[in-house]
Number of protein chains: 2
Amino acid sequence: MKSDLRKEMMTIREMCDAFEVTPRTLRFYEAKELLSPERVGTKRLYSKTDRARLALILRGKRFGFRLEDIRQTLDLYDRDDGNSAQRKRACELGVQRLAEMEAQRANLDLAIAELKAELTDAEAKGLVPRRAA
Amino acid sequence: MKSDLRKEMMTIREMCDAFEVTPRTLRFYEAKELLSPERVGTKRLYSKTDRARLALILRGKRFGFRLEDIRQTLDLYDRDDGNSAQRKRACELGVQRLAEMEAQRANLDLAIAELKAELTDAEAKGLVPRRAA
DNA sequence: AGAGCAGTTGACGTTAACGTCACTGTGACG
DNA sequence: CGTCACAGTGACGTTAACGTCAACTGCTCT
């Protein structure tokens, strides 16, 4: 069974390859207390749980969360011993973030429209070659 | 007519109030060669042209351009002596930026959808109070 | 002349998320 | 036994767009 346990653990390099991050990033996340891999001697070994956490971290980043927010949310999950107050908090953060993202999208749409108009205008004045449609 | 000329010029404070920026910002833009107000003694005086430039700068920022890009575009406008190669370049930048913005929007939409799904899921599992619809 | 305020310059601080070095340690291999 | 590659630990660098602060200068009011 020892080989099984070994298979569960990954070195920093394996993690980097699996998740497409750099060693620096993993160590950075550790310094920020987002990860806490086991130490065998001086080296790090990442468990399945660590991998799950990292996956959550990266997904959080795709959502535009800051690492600090992600850390808090992750900590809540950890301390979630049946009591759902923690999950509630996590969801609140999510709802908040969702609102921010939708606001951001609205602004982006505005800017896109404005810029498009600008370009169309320049074309109309013949100041510039027409775009591809 | 002197009063007219004076009316055309604005102090740094007036500029700040008019455009809702700080003095630091204006001096910063100047250091970055985005603006070049007149100097009367040691003080800065901003002309109508300066105001137009600042307006363009701020609009550029709303579009998500970096100051350096804005500077280049502005410089192109300035040196635009009939030859439209410059304008063309400016428009190319605009088209490029437009593409970036639309890509960004697509990503944002994805993230929003994912996050929404996540939240809906949590609700369905009764892990958390339902949202307002 | 003294007070006070606007304006100026220059230098350093800030935030986020790492990158880049330099140096040390360690296990494996030939 | 040498050395090679990979790990690990600081510490400092990077980018953008300013904020903050200190120390002046200069003008105006009284």
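In what follows, every chain begins at residue 1, and chains take the letters A, B, ... in the order their sequences are listed.
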Problem set entry | Atom-pair distance (OH on Tyr46(A); P on dG8(D)), nearest Å | 7 Å
Exercise. Should Pro37(A) and Leu45(A) count as side-chain neighbours, where that means a heavy-atom distance under 4.5 Å?
Worked result: no
Problem set entry | Pair Glu92(B), Gln96(B): side-chain N/O donor-acceptor within cut-off below 3.5 Å | no
Problem set entry | Distance in angstrom units between Leu26(B) CG and dC18(D) C1', rounded | 12 Å
Exercise. Think Arg13(A) has a side-chain N or O under 4.0 angstrom from the OP1 or OP2 of dA7(D)?
Worked result: yes
Exercise. Does Thr25(B) have a side-chain nitrogen or oxygen under 4.0 Å from the phosphate oxygens OP1 or OP2 of dG19(D)?
Worked result: yes
Exercise. Would you say the side chain of Arg24(A) and the base of dT20(C) hold a donor-acceptor pair, judged only by whether the two atoms sit under 3.5 Å apart?
Worked result: yes
For this session: For the pair Glu30(A) and Arg27(A), find out whether any cationic side-chain nitrogen is under 4.0 Å from an anionic carboxylate oxygen.
Result: no
Problem set entry | Of residues 27-37 of chain A, the positions that come close to DNA chain C - non-hydrogen atoms, cut-off under 4.0 Å | Phe28(A), Tyr29(A)
For this session: For the side chain of Arg39(A), starting at C-beta, report the closest nucleotide among dA16(C), dT9(D), dG19(C).
Result: dT9(D)
Exercise. Hey, are the side chains of Lys43(B) and Thr11(B) touching, using non-hydrogen atoms and a 4.5 Å cut-off?
Worked result: no
For this session: Whole angstrom is fine here: how far is it from CZ in Phe65(B) over to P in dA17(D)?
Result: 13 Å
Exercise. Looking only at side-chain N and O atoms, does Thr22(B) come under 4.0 Å of OP1 or OP2 in dG19(D)?
Worked result: yes
Exercise. OP1 or OP2 of dC18(D) sitting under 4.0 Å from any side-chain N/O of Lys61(B)?
Worked result: yes
Exercise. Is Thr11(B) near enough to dG7(C) that one of its side-chain N or O atoms lies under 4.0 angstrom from OP1 or OP2?
Worked result: yes
For this session: Take atom CG of Leu45(A) and atom P of dA7(D), then tell me their distance rounded to the nearest Å.
Result: 11 Å
Exercise. Tell me: CG of Asp17(A) to P of dC6(D), nearest whole Å?
Worked result: 11 Å
Can you give me every donor-acceptor pair (side chain of residues 98-106 of chain B, partner residue at least two apart or in another chain, under 3.5 Å) with its distance?
{"residue": "Glu100(B)", "atom": "OE1", "partner": "Arg97(B)", "partner atom": "NH1", "Å": "2.6"}
{"residue": "Glu102(B)", "atom": "OE2", "partner": "Lys116(A)", "partner atom": "NZ", "Å": "3.4"}
{"residue": "Arg105(B)", "atom": "NH1", "partner": "Asp109(A)", "partner atom": "OD1", "Å": "2.6"}
{"residue": "Arg105(B)", "atom": "NH1", "partner": "Asp109(A)", "partner atom": "OD2", "Å": "2.9"}
{"residue": "Arg105(B)", "atom": "NH2", "partner": "Asp109(B)", "partner atom": "OD2", "Å": "3.4"}

Seminar exercise, completed: Whole-Å distance, Glu68(A) CD to dC18(C) P, equals 14 Å
Exercise. Are any of Arg44(A)'s side-chain N or O atoms less than 4.0 Å away from OP1 or OP2 of dG8(D)?
Worked result: yes
Seminar exercise, completed: When rounded to whole Å, the CD1 to P distance for the pair Ile57(A) and dC18(C) reads 10 Å
For this session: Would you mind telling me which of dG8(D), dA17(C), dG7(C) lies closest to the side-chain atoms of Leu67(A)?
Result: dA17(C)
Exercise. Whole Å only: how far is the NZ atom of Lys43(B) from the P atom of dC24(D)?
Worked result: 18 Å
Problem set entry | NZ/NE/NH1/NH2 to OD/OE distance under 4.0 Å, Arg66(B) and Asp69(B) | yes
Exercise. From Leu34(A) CG over to Leu67(A) CG, what is the distance, rounded to the nearest 0.5 angstrom?
Worked result: 5.5 Å
